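Contents: one structure, followed by commentary.
We number each residue from 1, following the sequence as shown. Note that this is a predicted model, so its numbers are computed, not measured. All values below come from the heavy atoms of this structure, side chains included, with hydrogens, waters and symmetry mates left out.
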Amino acid sequence: KTAASAFEAAFRDLTAERSFFFDSLVDNWKKLFPSLPARPGRYEDGKLFVYVRNAPTAFVVRPQLRAIAAKLASLPGAPKRLDLKLEQHVR
């Protein structure tokens with residue numbers, strides 16, 4: 001990584017929106033969706049970005065987004081409106 005990308009990542013972490021709902025979701029994701037090949041990535045402006053590793057995985061996960069959103073909406077502390085966005089992201 002370059003110094004510029006490190007600074008950008010650090011700045012993004014400092015300005016990231018903090019949410020009790022998102023923090024608890026990250027902690028409990030594997031319990032809620034044990035077989036889903038995706039993970040919560042970030043939460044910004046009412047949008048939950050769900051990370052997948054590659055395009056074929058996105059193809060498998062995309063039809064499940066409505067069911068995922070419905071399950072998340074039923075959790076305590078869930079926002080009234082929650083948009084899910086699928087994003088390819090390699091660790």
* **Selection residues 69-85 - residue pairs positive for salt bridge (charged side-chain N to carboxylate O under 4.0 Å, His left out), sequence neighbours left out** => Arg81-Asp83

* **Co-members of the apolar cluster containing Tyr51 [side chain, <4.5 Å]** => Phe49

* Under the 3.5 angstrom rule, does the side chain of Asn28 hit a backbone N or O of Lys31 as a donor-acceptor pair? -> no

* Does Phe21 have any side chain to side chain contact (heavy atoms under 4.5 Å, CB included) partners at least two apart in sequence or in another chain, and if so, which? -> Ser19, Leu25, Leu72, Leu75, Ala78, Pro79, Leu82

* **side chain to side chain contact (heavy atoms under 4.5 Å, CB included) against Lys30, all qualifying residues, sequence neighbours excluded** => none

If you take all heavy atoms of [X] and [Y], which pair is closest and at what distance?
| X | Y | result |
| --- | --- | --- |
| Val50 | Ala38 | CG1-CB, 3.6 Å |
| Thr57 | Pro37 | CG2-O, 3.2 Å |
| Pro40 | Leu48 | CB-CD1, 4.3 Å |
| Leu84 | Ala69 | CD1-N, 3.6 Å |

* List in chain and number order the residues that pass side chain to side chain donor-acceptor pair (under 3.5 Å) with Glu87, two or more places apart in sequence or in another chain; answer none if no residue qualifies. => Arg42

* For Ser24, side chain to side chain donor-acceptor pair (under 3.5 Å) partners two or more places apart -> none

Show me, pair by pair, the donor-acceptor contacts under 3.5 angstrom made by side chains of residues 60-67, not counting sequence neighbours?
from	atom 1	to	atom 2	distance (Å)
Gln64	NE2	Val60	O	3.2

